[in-house]
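First up is the structure itself, then whatever we jot down about it.
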Number of protein chains: 2
Amino acid sequence: MSTKKRRGRTKLADRKPVWELDKLLRRVRELREQLAKRRERLGKLPPNVMVVEELPAEEVHRRIHEVARQLYMQIEETGRPVFEIPARTSDNIIYDEDHDMLLLGQKRIRRVFHSLASVADATRTIRILEIIHELIEEGIHATKREIFYNDVKLFKEQRFSDNVIEDIAAMLGTTRNSTHVVAAAKGAAIGRLVIRDSGDVIDLTKLGSGGWAITPFLDQVEILESDAELVLVVEKDAALIRLAEAKYWNKLPCIIITGKGSADIATRAFLRKLVKELKIPAFALVDSDPYGHYIFSVYLRGSKKLSYESPFLATPEIKLLGVLSKDLDEFKIPKEVRLPMTKADIERTEQLLKEPFVQRNKKWVRDLELMLERKEKAEIQALASHGFKYLTDQYLPVKIETGDWI
Amino acid sequence: MSTKKRRGRTKLADRKPVWELDKLLRRVRELREQLAKRRERLGKLPPNVMVVEELPAEEVHRRIHEVARQLYMQIEETGRPVFEIPARTSDNIIYDEDHDMLLLGQKRIRRVFHSLASVADATRTIRILEIIHELIEEGIHATKREIFYNDVKLFKEQRFSDNVIEDIAAMLGTTRNSTHVVAAAKGAAIGRLVIRDSGDVIDLTKLGSGGWAITPFLDQVEILESDAELVLVVEKDAALIRLAEAKYWNKLPCIIITGKGSADIATRAFLRKLVKELKIPAFALVDSDPYGHYIFSVYLRGSKKLSYESPFLATPEIKLLGVLSKDLDEFKIPKEVRLPMTKADIERTEQLLKEPFVQRNKKWVRDLELMLERKEKAEIQALASHGFKYLTDQYLPVKIETGDWI
């Protein structure tokens, strides 16, 4: 008995996409309403987590002065100045099931100047506060590496200055971006969106096939307008090439972004900004392997390392559109383009299955279990085995039309 | 006796940049004239090399039909069809000293259908000709990986299809880009340049701080206008961030591009297009280590692997502005931010010193020898040890003003 008969329905590979935009978008709009209701129901973050806000430069400046003032008062009053810094250790990281996000608890560490163990860290903390103060006053941004080089004698190794940079952002209750410390960004965006970046108005449908290189200075980016109904997040540049060439946003009103592999902070923050401000759903298109699922999960919930910033980097509304393990059969991906999973792949899949944010999503569990059962993986480009336009003209419309996502 | 006294002149670190644009640009314009004279003197490529041209789609289409017609005639006449393909083996690669480029000789390999050894390759060649024909007719582009996935049964491994793709471009006497087979691009460009890309007019001064993501479809890109006097090619995104933030093109009329590490084909081809069409010099800013020098060399002369395309990917006019080994002392880069060279670094430097294109440039040899003598390297960001704006306000203007490049 064939799989087809057993399932009692046509395989998605054989389904003719309707390509009537209204029908296709009905599913997207349903999801949009569901997400809106969920947002209403959710409301605020729980009270026991660290509240971190994106802040304008003036407010960061004010808070640095406040920290300095308190430090000065402590010196005058007790002679024993101390920094209170939110702990970023794993025992202070909370998985918030309702918000589907990793968050930071209220545990704090004390960094004192009168102990031999912490005096170096305390001095570094003051120095970096001073550097951030300079960045804010000068209205410029710097990378972590530049900050390290700014005072190598004091910082000794970059991991020490990096650590203090994260501490200070957490201490000021703001995102690292708001402290003007940025990371190089490698993502790109294209499609139905008009933004203002450092004063320039940019229409992302009018950038040819190259797209807009996502800037790390997201504090200077403003979303002006968009009639997009969804965001397509693609793992790989190759998929962006395919979609940009087809000017896919003319067919399906969308914004397309890629992190070019594992997404950097700016790309994740930009996706979150789009979804939050435009109130539209986002769909991820990644390789059908544990790494692709992991890349999706980082967009979805943030990464452990940067938990205190999670609410500003995670997009809990994002759905995994594909390529799912079940899609390999559904879309008749030939056996020759499926690759055997390695031992590391299998371990990574088992690891993902242990994560609480995976376990509460039954569809996701089923797909990863199927992957483990088959021990097969495939890249997005494997869809090209049905022709170069299969991705744009069959796979994506059918997946969206049938609401077939996780 | 201090180095300063011995040299009998002020260190560049102490030199106040004039920042009078005309004085600063005098050097750039002198170089521009030198390069123009060199171009006139050079004229055509030598006759014993493979002539490869960028071609419009219609011409590639015509040549594919011509190959098919000849194949058909051979079958009719002799029953023994054969492909004649330019050899891309190292004994057919020529270093052209005058043009400072790697080129392909006229040695050819024959791929016949009636030998067991080559029938699989001949069949693959026909299949890829057919795929390229389809791409051209449909007006779309594809990546090597997608082409591999298009017929995995026949190609077996991607290296086989990749190899045939290069063969066919060489056989048709054109660049791989002209066959609509493209590679993912990671570079970005920003500054005084207006282009047309797939019909859209894009002003690269009006893209905020993010820049334009260089498209792999360079056959669709047209340079419309520019009043830039030079191109700055920076190895790293972090340096682009620094320059984009300062809107450096307003201070110095330039176009800034980055390959974000080792440059991909599209970034190199785009640089070449800029320099060739605008007839302005290009300056590279890379890390002061053998890898940085290697990245510069790939812009300068191409890489061995893609030699037949070298004339379309190499920019022999590019100069190495820095960071030179001698700059570390000249600009008083503190000892703490200089890193010891590893054994691999030293070997790589020795390797570079053996290359003919290095040996004929005395300044380059001296700088690499100094690097070996000191056994020290440093990143571009090490300049931040003098402050975040040191790169833009001291290092770059002084280097250009004093004509201090290789």
Side-chain angles (χ1 to χ4, degrees), chain A residues 131 134-135 138 140-143 145-153 182 184-186 188-190 195-202 205-217 220-221 236-238 240-242 244-247 260 334 336-337 379 381-385 387-389, chain B residues 131 134-135 138 140-143 145-153 182 184-186 188-190 195-202 205-217 220-221 236-238 240-242 244-247 260 334 336-337 379 381-385 387-389:
Chain A
I131 292 172
E134 183 196 333
L135 293 177
E138 297 259 339
I140 59 174
H141 298 71
T143 60
R145 191 131 191 94
E146 284 178 301
I147 289 181
F148 163 65
Y149 276 127
N150 206 264
D151 201 339
V152 176
K153 262 185 205 159
V182 297
K186 61 182 167 49
I190 196 164
I195 57 173
R196 188 179 354 245
D197 174 8
S198 315
D200 299 326
V201 174
I202 309 168
T205 60
K206 301 218 168 75
L207 294 179
S209 47
W212 175 69
I214 295 173
T215 176
F217 313 146
Q220 295 176 2
V221 174
K236 289 173 168 180
D237 204 24
L240 186 89
I241 291 177
R242 177 67 43 236
E245 171 137 60
K247 290 199 189 274
K260 302 190 182 183
E336 303 89 39
V337 303
E379 295 179 50
Q381 292 102 310
L383 293 166
S385 54
F388 297 119
K389 292 182 167 178
Chain B
I131 292 172
E134 183 195 333
L135 293 177
E138 297 258 339
I140 59 174
H141 298 69
T143 61
R145 191 132 190 91
E146 282 178 303
I147 288 181
F148 163 66
Y149 276 127
N150 207 264
D151 202 338
V152 176
K153 261 185 205 160
V182 298
K186 61 182 167 49
I190 197 163
I195 57 173
R196 190 185 345 251
D197 173 7
S198 316
D200 299 327
V201 174
I202 309 169
T205 60
K206 300 216 169 76
L207 293 180
S209 47
W212 174 68
I214 294 174
T215 176
F217 313 148
Q220 296 175 2
V221 174
K236 288 170 167 182
D237 203 25
L240 185 89
I241 290 177
R242 177 67 44 237
E245 171 137 59
K247 289 197 189 274
K260 303 190 181 183
E336 304 88 42
V337 303
E379 296 178 50
Q381 291 101 311
L383 295 165
S385 53
F388 297 118
K389 290 181 169 179

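Below, chains carry the letters A, B, ... as their sequence lines are ordered, and counting in each starts from 1. These numbers come from a predicted model, not from an experiment.
In terms of non-hydrogen atom pairs under 4.5 Å with chain A, the most contact-rich of B:Glu138, B:Lys206, B:Glu134 is B:Lys206. The residue among B:Gln220, B:Arg145, B:Arg196, B:Lys260 with the most heavy atom pairs within less than 4.5 Å of chain A is B:Arg145. Chosen from B:Ala142, B:Ala188, B:Gly199, the residue pairing most often with chain A at heavy-atom distances under 4.5 Å is B:Ala142. Comparing B:Ala185, B:Ala244, B:Pro216 by heavy-atom pairs within less than 4.5 Å of chain A, the highest count is held by B:Ala185. Chain A forms the most heavy-atom pairs under 4.5 Å with one residue out of B:Glu379, B:Glu336, B:Lys153, B:Glu245, and that residue is B:Glu245. Most heavy-atom pairs under 4.5 Å with chain B: of the set A:Leu240, A:Thr215, A:Ile214, this distinction falls to A:Thr215. When the candidates B:Asp197, B:Val337, B:Val201 are compared by the number of heavy-atom contacts under 4.5 Å with chain A, B:Asp197 comes out ahead.
The two residues A:Leu135 and A:His141 come nearest to each other via the heavy atoms CD2-C, 4.2 Å. Closest approach of B:Trp212 to A:Leu207, counting heavy atoms only: NE1-O, 3.5 Å. Of all the heavy atoms in A:Lys389 and B:Ile140, the pair that sits closest is CE-CG2, 3.9 Å.
Two residues are said to be in side-chain contact when any heavy atoms from C-beta on lie closer than 4.5 Å; A:Lys247 and B:Ser198 meet this criterion.
Listed by chain and residue number, nothing satisfies the salt bridge (charged side-chain N to carboxylate O under 4.0 Å, His left out) test with B:Lys186 (two or more places apart in sequence, or in another chain).
In this structure, chain B has heavy atoms under 4.5 Å from both the backbone and the side chain of A:Ile147. Heavy atoms closer than 4.5 Å to chain B are found in the side chain of A:Arg242, but not in its backbone. Of the atoms belonging to A:Lys236, not a single heavy atom falls under 4.5 Å from chain B.
Neither side chain, A:Asn150 nor B:Ser385, offers a donor N or O lying under 3.5 Å from an acceptor on the other.
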